[in-house]
Asks: 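Quick one: structure below, then a few questions.
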Amino acid sequence: MRKNITIEEAAQEVQGRSQAQETLRRLLKNKGAIIGMVFLVLLVAATIASTFIYDYDTDIVGLSTEIFQGPSLEHWFGTDQTGRDIFARVIYGARYSLAISIGSVAIGLVIGMILGALAGFYGGVIDQIVMRSNDILYSIPNIMIAVVIVSLLGTSTVNLLLALSISSATGFTRITRAQVMTIRGEEYIESAYAMGLPTWKIILKHIIPNCLSPIIVQITLRIGSTIISASSLSFLGVGVPSPTPEWGAMLSDGRGYIRSSGWMCMFPGLAIMLTVLALNLLGDGLRDALDPKLKK
Amino acid sequence: MIRYIIKRLLLMIPTLLVTSLLIFWAMDLAGGDPVQQILPENATVEQQEALRESMGLNDPFLTRYFRYVGGIITGDMGTSWKSGLDVFDTFMGRLPKTLLLGGTALIFACLISIPLGVYTAIHQNSWKDTAGMVFALFGVSMPNFWLGLMFILLFSLKLGWLPSGGTGGIEYLIMPAATVGLSLAALLTRTTRSAMLDVIRQDYMTTAKAKGASRNRVIYQHGLRNAMIPIVTAIGMQFSFVMTGSVLAETVFAWPGIGRLIVDAINKRDTPTVTGSIILCCVMMALINLATDIVYAFCDPRIKAQYSNKR
Amino acid sequence: ACGGDSGSSGDSGSTGTSSAGEEGSVPGVKKDLIVGTAADINQLNPMLQNDQANNNCLVMTHQRLVSLDNETNEKNPQLATSWEWTDDNHLVFHLVENATFSTGEPLTADDVVFTYEMAMSDDPTLSAVSGTLGLVESVEALDTYTVQFTTTQYSNELLDTLMGVPMSIQSKAAWEDESNEEPWLVGSGQYVFSEWKEGEYAKFVRNENYWGDDPGMADEIIFKPLLEASQRVIALQNGEIDVCIDPPATELEYLEEDENITVHTQPGTRLFYLGFNCEKEPFNNEKLRQAVSCAIDKDYIIEVVLGGRGKPQTSILNRGVWSFLDDNEIEGYTYDLDRAKELMAEAGYPDGGLTVNLYAATDDPYKTIAPIIQANLQQIGITVNIQSFDQATLKTECQAGNQDMFLWRWNVITRLDETYRELYYTGYPTNYHHLADSYVDEMTDKILVEKDADVRMQESQELQQYMAEIVPQVPLYVPDLVIAYNKNLQGTYLFGGGNHVWSHAYVALESAE
Amino acid sequence: MADEKKIILEVQNLTKYFDTPKGKLHAVDGVSFQIEEGKTLGVVGESGCGKSTTGRTLLKLTEPTSGKIIFDGEDITRYNRSRMRALRTKMQMIFQDPFSSLDPRQSIMQLISEPIKEHKLLSRKEEIEKRTLELMDIVGLARRFVNSYPHELDGGRRQRIGIARALAVNPKLIVCDEPVSALDVSIQAQILNLLKQLQRDMGLTYVFITHDLSVVKYFSDDIAVMYLGQMVEKAPSDEIFANPAHPYTQSLLSAIPLPIVGKEKPERKLIKGEVTSPVNLPDQCRFLKRCDACMEDCAHRPNPQLTEISPDHFVACHMVADKYGA
Amino acid sequence: MADNVLEIKDLVVHYETDDGCVEAVNGLSISIGRERTLGLVGETGAGKTTTALSILNLVPNPPGVIKSGEILVEGKNVLQMSEKELESMRGNDVAMIFQDPMTALNPVMTVGSQIAESIQLHQNVDAKEAMEKAKEMLRTVGISDSRAGDYPHQFSGGMKQRVIIAIALACQPNLLIADEPTTALDVTIQAQVLSLMKDLIVNNHMSMLLITHDLGVVAETCDDVAVVYAGRIVEVGSADDVFNHTRHPYTEGLFDSLPNLRQRGEELVPIKGLMPDPMNLPQGCTFAERCPYATEACRENIPELRHVEGSHYVACDAYRDPSFRLRRNQNG
Ligand SMILES: Nc1ncnc2c1ncn2[C@@H]1O[C@H](COP(=O)(O)OP(=O)(O)OP(=O)(O)O)[C@@H](O)[C@H]1O
Ligand SMILES: Nc1ncnc2c1ncn2[C@@H]1O[C@H](COP(=O)(O)OP(=O)(O)OP(=O)(O)O)[C@@H](O)[C@H]1O
Ligand SMILES: [Mg+2]
Ligand SMILES: [Mg+2]
């Protein structure tokens with residue numbers, strides 16, 4: 001156990017491992033995160049593959065006479081009220097859940113990071129305005145905001161995306177602001193000023209990159225919770241409209257048949273749960289990997 | 001402290017004005033001609049026009065808005081286009097139901113999550129911790145309306161133990177509250193655990209141990225009281241989650257609370273109900289936030305001091 | 001199916017789980033009758049309300065001059081013993097002489113006149129139905145028990161209008177009593193409004209001052225909104241409710257298996273249809289409408305939506321209405337893909353390539369039908385964008401004419417004119433088809449005033465045939481009227497159209513228990 | 001005369017107030033001094049007395065509230081950010097905490113080359129790399145660490161990076177804000193040696209901020225003692241240790257625990273009370289409340305000013321001033 | 001021997017982390033006589049805090065594991081005590097003061113109740129009496145008892161440290177372990193606190209283990225000194241032995257690094273290099289790598305503590321050669 005190596009050699013061993021590499025190394029040690037990543041990769045692969053396997057018009061939204069068939073070898077997850085294969089729809093539908101949540105998180109991220117960075121960096125009036133309005137949005141349950149927006153603008157995927165990105169944005173604004181405020185007070189920012197770097201370079205090169213860790217964690221967790229929000233909205237009838245094989249919409253469809261055809265509810269729900277679980281596992285893994293407290 | 005509370009209450013006014021303006025504006029944009037809803041389909045154009053005029057719908061936006069705000073000040077939030085009932089009364093009539101559901105869920109969640117969170121934290125990295133965390137992870141990953149549906153499938157349809165929806169005795173409350181409560185419990189377990197883990201690493205915990213305090217005393221007297229601060233924050237933040245959860249649980253279990261009131265009203269374009277209810281919701285949330293902050297101050301004297309300092 | 005505690009009493013207890021069956025004041029009759037409905041009531045002022053949930057209550061609490069017989073579709077006397085057109089402009093009613101309101105006060109010609117004058121008012125806070133009384137000039141009391149209507153012209157349908165729930169006779173005294181904040185609740189029916197907990201239940205109690213010889217049996221009738229259909233079914237099976245309105249097709253088998261439950265099925269009347277906007281591109285093209293009609297597989301829709309419990313039809317009238325033409329008597333554009341493609345070509349779209357919108361409400365069954373239509377039309381090259389709205393918005397949108405196609409329903413079973421005029425008459429506000437066809441208008445007017453029944457029958461059937469040819473709408477199906485209830489339910493009467501009358505229904509207690 | 005010393009930095013009446021919720025915080029309150037080129041001015045004082053703020057204000061990292069800063073003959077007090085940026089090549093700073101003063105996401109190469117690139121001192125990549133390695137040699141950092149990240153190194157090495165960064169632009173003046181207080185004695189000695197050697201080799205001028213009097217005595221030519229934002233005593237290093245005049249300086253010196261056993265030690269002179277908060281200060285002697293030696297009328301007299309009691313030895317104390325009969 | 005309040009023999013403590021095993025304490029032995037003050041000096045990471053925590057059996061587990069050794073407090077082995085015995089020992093027989101007064105007090109409890117808690121835990125008194133005693137303790141450490149109801153955030157650093165001392169001394173323990181009690185304080189406050197501690201210890205006839213890296217503080221406060229390097233004692237003896245008759249090269253290095261002994265401008269003589277990474281300690285003498293006197297033999301054998309004279313011991317194999325002298329002692 002006790003190897004006879006000098007300090008110099010020891011240092012050389014760890015030489016040149018950036019924080020990102022360090023994080024990755026720790027992430028790869030985390031079983032949960034690996035499971036999560038593998039699941040997500042498989043899911044993405046499956047949904048891409050489903051594009052080639054199935055024909056949207058006939059297999060995904062088309063009609064068939066094999067209605068309400070329970071799970072079988074032929075229809076793994078059974079069929080629904082218009083005879084569509086639920087397995088096909090679940091696999092194919094992954095793209096909607098993923099795209100909507102990733103999309104809205106991305107929009108929310110951009111808006112939230114900009115607002116949060118401005119508020120956190122400049123403080124004062126900007127901070128007040130941003131944070132007050134953020135508080136307002138924050139105090140109304142997200143789902144209400146989303147329901148209002150979607151039902152006002154009409155039920156469509158784009159509106160859903162918009163509605164969901166608002167709640168993402170509030171979250172990201174908060175976290176970015178808090179991060180920026182912490183980082184702004186760090187000595188290396190002052191050091192950068194002392195080196196003569198202009199403000200914009202400092203924000204870009206030093207503040208933003210150092211804010212990223214919790215934001216990255218937040219992104220994964222957000223995508224997960226947004227999948228749930230999106231499906232909740234579809235379930236309430238204000239999300240993605242019905243024939244689209246979005247998981248929440250499928251659940252909403254299946255709800256009426258829960259007794260006779262429980263599988264119609266079961267599988268889309270399981271799909272949501274497992275995907276979110278995978279994202280949460282990954283998020284938790286990332287959090288642990290990035291957490292400076294555990295670094296010691 | 002009292003001054004702080006008063007200041008916060010006063011601060012709510014502009015916030016609510018802005019909020020109500022936004023909602024009023026949004027609902028205005030949405031259209032939803034009340035005349036269509038109030039009158040039978042075959043009403044004459046003259047009747048429609050007369051109704052519009054009498055409801056003041058032909059006035060400019062701001063006039064209507066200020067009339068509305070004026071109404072609120074005198075305690076009149078308008079009447080529903082759909083049911084003709086007073087919006088405030090309707091909301092208040094529904095509120096106890098939601099509070100009952102949300103409150104039960106929250107208590108249920110706290111009863112599970114705080115002991116579990118503490119337990120997992122003090123057994124960090126053991127199999128007990130892992131098991132607790134897997135539970136919590138599943139809990140947060142599950143859409144709670146789906147959980148509700150699965151409950152119905154199991155307990156109402158397969159086993160016939162519990163009613164599938166509606167209100168009445170305690171048996172009606174169990175499934176909705178468990179649905180909201182479980183997800184919440186999962187969330188709070190995670191918060192409690194990480195708060196507790198943070199606290200466990202603190203020096204004052206070692207100080208307490210070094211005094212000779214027993215393990216339980218250290219954990220509950222010193223640890224939990226400090227961990228309560230982030231937990232209270234989390235609970236405060238989760239009220240909005242409770243509301244969201246309630247909207248869904250109310251839909252799944254036909255529970256007549258405010259969540260469903262609002263969703264139904266939105267679906268029916270019942271503008272006065274939507275506007276009024278959302279404003280009241282905001283008031284409620286603001287009050288809850290204030291209450292959270294006050295509870296906070298009792299958990300943490302440093303924050304109490306801050307409140308007294310802020311003039 | 002029921003377990004439970006018989007001991008519980010009190011208000012909330014009785015609304016919830018009175019499955020044990022407490023005896024009411026009538027021997028052998030369960031105290032309350034609980035009806036699980038698909039919608040909550042919202043307005044019990046007869047002249048301001050406009051939906052079925054309210055109607056179902058008002059028919060118990062209020063009465064009209066004339067009523068419709070559930071079984072024979074005949075007009076029966078209710079508050080009027082007889083009536084006659086004394087000439088083309090005068091309709092005279094002779095009233096029952098011993099009728100009283102629930103307050104115990106007598107019901108006289110003054111109340112009738114008061115009611116109709118209020119109905120004709122243009123004040124929207126009093127009446128929303130003055131439009132339907134357009135041809136009534138005045139109403140006057142000839143003596144205490146005689147009322148005369150003066151009209152601008154003879155109408156086949158005035159009586160039918162007067163049978164409608166909004167025309168329920170209200171109490172003048174109640175309205176004049178300043179302290180009564182809800183005077184419209186006073187009626188002369190078998191039941192009296194007691195309590196409404198919005199979203200939970202509406203409770204009605206037996207009218208102890210009822211004047212007639214057909215009093216109510218149950219002490220209380222409670223309407224409990226359970227919006228989710230499957231929930232109503234479960235509630236019925238658990239004994240939480242005695243009646244389940246509109247049980248979903250998919251769960252009927254469970255109900256039929258349940259020995260404590262009776263499932264009653266009868267042919268329905270409500271028509272679900274796919275309407276076109278006939279004024280706007282592209283469906284101002286008659287051939288295209290016909291093509292669409294040929295492309296729609298009604299049987300499949302019935303299978304999917306109703307589990308087969310419904311009938312397809314071609315006539316635009318509601319099934320069972322006087323002069324209705326069943327499918328063997330009328331020719332139309334029925335499901336035939338080849339023909340549909342030919343018609344597409346004739347319409348100028350040989351290769352399809354057409355994109356249209358379909359406006360549909362967000363609730364059942366529209367949200368199930370819409371995708372089927374989408375899939376059906378895909379086969380003849382029409383791409384359908386489904387747009388979902390709540391019902392109120394849908395109506396507004398359709399009135400504004402933004403739709404290409406829309407899904408809607410219609411259920412008028414007495415008045416021919418109402419269907420022809422309100423849905424198809426040029427410029428009528430509810431003419432969502434935006435149809436402007438002089439032949440239709442002309443025939444509609446004729447049918448309204450034609451006194452010779454045979455001629456009227458022929459005219460009406462010609463018009464139906466014409467409609468089937470120009471296809472302003474594709475009639476999709478009429479669902480069977482299904483209702484499930486406690487097997488001990490007695491004395492129920494069903495309106496053909498699904499407007500239930502519960503005033504005589506009750507649950508008999510099993511003697512052997 | 002030929003050996004007339006060049007004054008590189010002159011500060012006149014420098015003030016910096018912060019507005020806080022509790023009131024006006026006098027972080028720096030009328031500080032004046034000069035530094036000759038190639039010399040070291042040590043600044044000592046208790047925590048919170050405004051040492052760091054003074055240092056930061058000198059570099060205009062915070063804007064002074066009032067006063068004048070003359071650097072190398074230029075009055076830089078009113079220079080704005082962009083004009084200051086050019087001056088950053090001449091004046092630099094070394095920070096206290098080697099853990100938080102280095103961006104954890106940058107490698108040593110990036111960290112050291114950043115100022116070179118920013119000021120375009122060199123343009124070609126190879127030149128920059130070469131210069132970076134050179135700087136690493138100068139501060140005694142083994143070249144093989146060039147691609148390492150700060151979190152992989154110990155405090156001493158990190159502090160060397162901080163020094164290399166400061167040196168990268170060839171500054172004349174370096175403000176060292178407690179550069180060794182976070183380090184162990186053995187490492188501290190290594191860094192102090194390095195700084196000393198750099199001063200000799202490059203003719204650097206230091207403002208050396210610390211609370212460790214033994215370090216400052218060893219390191220500085222002149223010493224300024226600060227108390228609650230003000231300078232209470234300033235004198236050449238040896239003079240101040242030999243003849244501390246201000247009661248505060250006296251107690252401060254006597255409070256240092258000396259690592260000597262068994263030999264006679266100077267008597268302890270404990271200061272009573274706690275550090276006073278620098279918010280809303282009265283216009284009296286600031287040491288009044290904790291002073292043992294103070295006279296009755298100190299409470300009624302205005303805040304004492306620095307007076308020269310012997311050549312180059314300035315004290316701000318009524319008692320001392322009275323004694324020397326200024 | 002029985003006169004020793006504390007005796008640690010061959011203590012080995014490791015932290016078993018994901019990244020590897022930190023060998024924090026490797027066979028450390030010290031003893032403290034009655035009413036004596038022992039200074040434990042060493043650089044960051046030498047294992048001082050770990051040793052202190054081991055005495056109360058409070059090493060955080062996981063990751064810390066006490067591998068072997070014996071810790072005798074008043075002759076009883078701490079490592080074999082039951083949880084109950086430990087609890088009654090902690091705070092009562094042995095009390096501890098931690099480095100950072102800012103974090104060592106529970107922020108949500110009044111200082112009075114934090115002192116009273118300690119009293120109530122070990123003495124059979126009710127809450128009121130305990131509070132009375134707590135107030136008395138506050139007065140003892142020079143804080144007005146009217147502040148017993150205040151919260152820690154209302155106190156300055158020096159006052160907090162006084163409160164911590166009050167907590168530690170509340171039950172008149174026999175042994176006080178003070179882990180860098182003044183490092184976080186200003187010099188002037190440090191002087192106040194140290195003199196307060198010294199007085200209290202003398203008045204209460206207590207023994208103290210003072211952990212610090214500041215040789216000045218040791219010289220001011222301690223009777224005996226133990227120098228720890230990489231988890232081992234390298235030199236131990238009375239203050240006079242260690243300061244004036246230094247034997248170990250590491251101790252010498254520490255003295256040489258101190259700036260205030262030399263003239264301004266003169267080179268300091270630092271110890272070269274760094275402390276070895278406790279995750280992979282070198283074989284042999286852990287200091288050999290940095291030692292100016294090291295020979296090949298030093299890199300192979302771990303030196304034993306050998307007796308010099310009186311109570312003075314040193315762990316350096318150079319003394320196998322009887323003529324070996326440190327440079328520091330050559331001219332002195
Ligand atoms: N940005 C700021 N806003 C408000 N107050 C500040 C700010 N920076 C410093 N202060 C206050 O100014 C006073 C002087 O601070 P400064 O950091 O200069 O002290 P210091 O002598 O360097 O102390 P230390 O030895 O602890 O580093 C302190 O009371 C501090 O709290
Ligand atoms: N909880 C822990 N997990 C892992 N390693 C630890 C832990 N606590 C301490 N160590 C390591 O054990 C070694 C000894 O630590 P210890 O705290 O005893 O040193 P110390 O002498 O008190 O240092 P300091 O002067 O910094 O307080 C160090 O290398 C440290 O990194
Ligand atoms: Mg400082
Ligand atoms: Mg330590």
Asks: Can you tell me how far CG of D:L102 sits from CD of A:E186, rounded to the nearest 0.5 angstrom?
Replies: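 Atom-to-atom, A:E186:CD and D:L102:CG are 11.0 Å apart.
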Asks: Minimum heavy-atom separation for A:E187 and D:S101, please, with both atom names.
Replies: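 Reported closest heavy-atom pair: OE1-CB, 3.5 Å.
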Asks: Go through the atoms of D:S107 and report whether side chain, backbone, both or neither lie under 4.5 Å from a heavy atom of chain A.
Replies: neither
Asks: Nearest 0.5 Å please: distance from the OG atom of A:S191 over to the CG atom of D:D97.
Replies: 12.0 Å
Asks: Would you check, one step at a time, whether the test side chain to side chain contact (heavy atoms under 4.5 Å, CB included) holds for A:Y193 with D:R81?
Replies: CA-CA 9 Å; A:Y193 275 117; D:R81 271 247 158 93; 3.7 Å; yes
Asks: If you look at every heavy atom in A:S213 and D:R105, which pair is closest and at what distance?
Replies: OG-NH2, 3.1 Å
Asks: For chain A, find its close neighbours in residues 48-63 of chain D: heavy-atom separation under 4.5 Å, sorted by number, or none.
Replies: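 Within residues 48-63 of chain D, the residues that come under 4.5 Å of chain A (heavy atoms only) are D:R56, D:L61.
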Asks: With side chain to side chain contact (heavy atoms under 4.5 Å, CB included) as the criterion, how do D:E114 and A:L197 come out once you've worked through the C-alpha distance, each side chain's angles and the decisive distance to 0.1 Å?
Replies: CA-CA 9 Å; D:E114 184 173 47; A:L197 264 71; 3.3 Å; yes
Asks: Between D:H119 (side chain only) and A:M195 (backbone N and O only), is there a donor and an acceptor less than 3.5 Å apart?
Replies: yes
Asks: Under 6.0 Å from the NZ atom of A:K29, do we count more than 12 heavy atoms belonging to anything else shown?
Replies: yes
Asks: Please report the closest heavy-atom contact between A:A194 and D:R88, naming both atoms and the distance.
Replies: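 Between these two residues, the closest heavy atoms are O-CD, 2.9 Å.
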Asks: Below 4.5 Å from any heavy atom of chain A, which atoms of D:Q106 appear? Answer side chain, backbone, both or neither.
Replies: side chain
Asks: As an exercise: rank D:M93, D:M91, D:M84, D:Q92 by heavy-atom pairs under 4.5 Å with chain A and give me the winner.
Replies: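 The option with the most such pairs is D:Q92.
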Asks: Is there a side chain to side chain contact (heavy atoms under 4.5 Å, CB included) between D:E118 and A:K201? Walk through the geometry before answering.
Replies: CA-CA 10 Å; D:E118 180 55 35; A:K201 258 194 199 169; 2.7 Å; yes
